[in-house]
Amino acid sequence: GKQGYAYYMEKEINEQPEALKRILTNYLVDGSIDLGYEGAVDKMLTSFNRVCIVACGTALHAGMMGTHLFRKWLGIPVETEMASEFIYSDTVLDKDTLFIAVSQSGETIDTMEALKKAKKEGAACLAVLNVRGSSISRIADYTLYTDAGPEIAVASTKAYTTQLMIFYLLVLRCASLRGRMTEADLEHALENLRRVPDAITQVIAIKDDIHRQAKEVIMASDLFMIGRGMDYLVLLEGALKLKEISYIHSEAYAAGELKHGPIALITDGTPVIAAATQTKLISKELSNVKEIKARGANVVLLTKEELKADFAQSDEYHVIGLPNLDDEYMSFPEIVALQLYSYYVSADKGLDVDKPRNLAKVVTVE
Ligand code: F6R
């Protein structure tokens, strides 16, 4: 049951700290990352020179973050592709490619077909799944489980954050196996990951502030989310959450792309969520925020607590300060804030949060 929560989505948002602690317990053995299969996954991780990640929807967004991390910490060519497109694409795969399929249910037909194609072409196939024993697990060479427990709400929440956690562990393991990261850097990274569950609990603790911001947009027809780098990747998922359960047309844009078209949509009163958690991108993001403010946008800014001072002088927009982690790990608190925001918009509109129109939890038709 919902254990006192109004909706499964609210329950599942709240389950994230526990689910993430569980992954860390499962995959950290005596302080180092152990991906299981008695070292067989490690062996796979030392032999590829390209990565291709394929999934749908929220799992695709987690895969995009995986791509970002592989590029950042391994410096190898990586691409993400939508499963539905991959099936017909001419993407080059070979025996030196690591192919990763990501799926909560493990039953999504497009993702399964993509995996079959990759296997046929000789790629090493890894799956990141939540449901044990699902169809995709029987096709992949190895499966890393998110073990988030059953996700009932159609809008995916804990599946996403646990998929992210798997990608952090996978890429860090890879980087340390290949000597791309010192022991000290790895330890520092793991320290940040261990702080993630508490950081999420802290975001849940400021839910009233997030709720107040959500109330401002329940009548809106369009909403835009802007950010750079990792923030942009998180916003893609945030915008999907909001559109699927609140029916507000919401789109994420890379902030630097705004002036190449989308800024034409910003007029007086347009709601915009700007995310700026990446220290080196703050000044650029600030100038984008100024541009949209000048066109009348109502801006809510997501940043981290320690960067708040860079923005707080302005009373022109509302600032939400997220708990401080190193920039590379801010994706976790950031998405939880956006999950809560979407949840409140949907609930306050009186919609069926857990069962949005036209959507099914598992998509078994192409
Ligand atoms: C969005 C959502 C969908 C799924 C997608 C893939 O909240 O739930 O976008 O993420 O249908 O499903 P799985 O992960 O089961 O392959």
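The chain is numbered in sequence order, starting from 1. Model, not experiment: these values are computed from the prediction. When a ligand or atom number is given, it counts from 1 through the structure's own listing order.
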As an exercise, identify every atom of ligand 1 less than 4.0 angstrom from a heavy atom of A59. 10 (O), 14 (O)
Which protein heavy atom lies closest to atom 12 (O) of ligand 1, and at what distance to 0.1 Å? T108 OG1, 3.5 Å
Number the atoms of ligand 1 from 1 as they appear, then name those within less than 4.0 Å of a heavy atom of A155, with their elements. 7 (O)
As an exercise, state the distance from CD1 of I226 to CD of E251, rounded to the nearest 0.5 Å. 14.0 Å
Check each atom of ligand 1 against the heavy atoms of Q104 and keep those under 4.0 Å away; list them by number with element. 13 (P), 14 (O), 15 (O), 16 (O)
Please determine if K361 and E151 form a salt bridge, counting it only when a charged side-chain N lies under 4.0 Å from a carboxylate O. yes
Should the ring pair H211 and Y344 be called parallel, tilted or perpendicular, given that the plane angle runs from 0 to 90° and is split at 30 and 60? parallel
Please confirm whether Q163 comes within less than 3.5 Å of ligand 1 when only nitrogen or oxygen atoms on both sides are compared. no
Can you pull out the closest protein heavy atom to atom 11 (O) of ligand 1? Residue, atom name and distance to 0.1 Å, please. V363 CG2, 4.2 Å
With a 4.0 Å cut-off on N to O distance, would you call K355 and D352 a salt bridge? no
Plane angle bin for Y7 and Y343 - parallel if under 30°, tilted between 30 and 60°, otherwise perpendicular: perpendicular
For atom 6 (C) of ligand 1, closest protein heavy-atom neighbour: C56 O, 3.4 Å
Of all protein heavy atoms, the one nearest atom 8 (O) of ligand 1 is V154 O, 3.1 Å
Can you sort out which atoms of ligand 1 are near S156, meaning under 4.0 Å from one of its heavy atoms? 7 (O), 8 (O)
K158/E12 ion pair, N-O < 4.0 Å: no
Close-contact set for ligand 1 against G57 heavy atoms, below 4.0 Å: 9 (O)
Protein contact of atom 7 (O) of ligand 1 - nearest heavy atom, named by residue and atom, plus distance: E244 OE2, 2.6 Å
For ligand 1, which part of K241 has a heavy atom less than 4.0 Å away: the side chain, the backbone, both, or neither? side chain
Just to confirm my output: which protein heavy-atom neighbour is closest to atom 15 (O) of ligand 1, and how far is it? S105 OG, 2.7 Å
Would E15 and K11 count as a salt bridge (Lys or Arg N to Asp or Glu O under 4.0 Å) here? Give the steps. CA-CA 6 Å; E15 282 171 346; K11 171 174 177 273; 2.9 Å; yes
Within a reach of under 6.0 Å around NZ of K119, are more than 12 heavy atoms found that belong to other residues, nucleotides or ligands? yes
Does NZ or CZ of K117 lie under 6.0 Å from the centre of the six-membered ring of F86, at an angle within 45° of the ring axis? yes
Give the residue, atom name and distance (to 0.1 Å) of the protein heavy atom nearest atom 4 (C) of ligand 1. T58 N, 4.1 Å
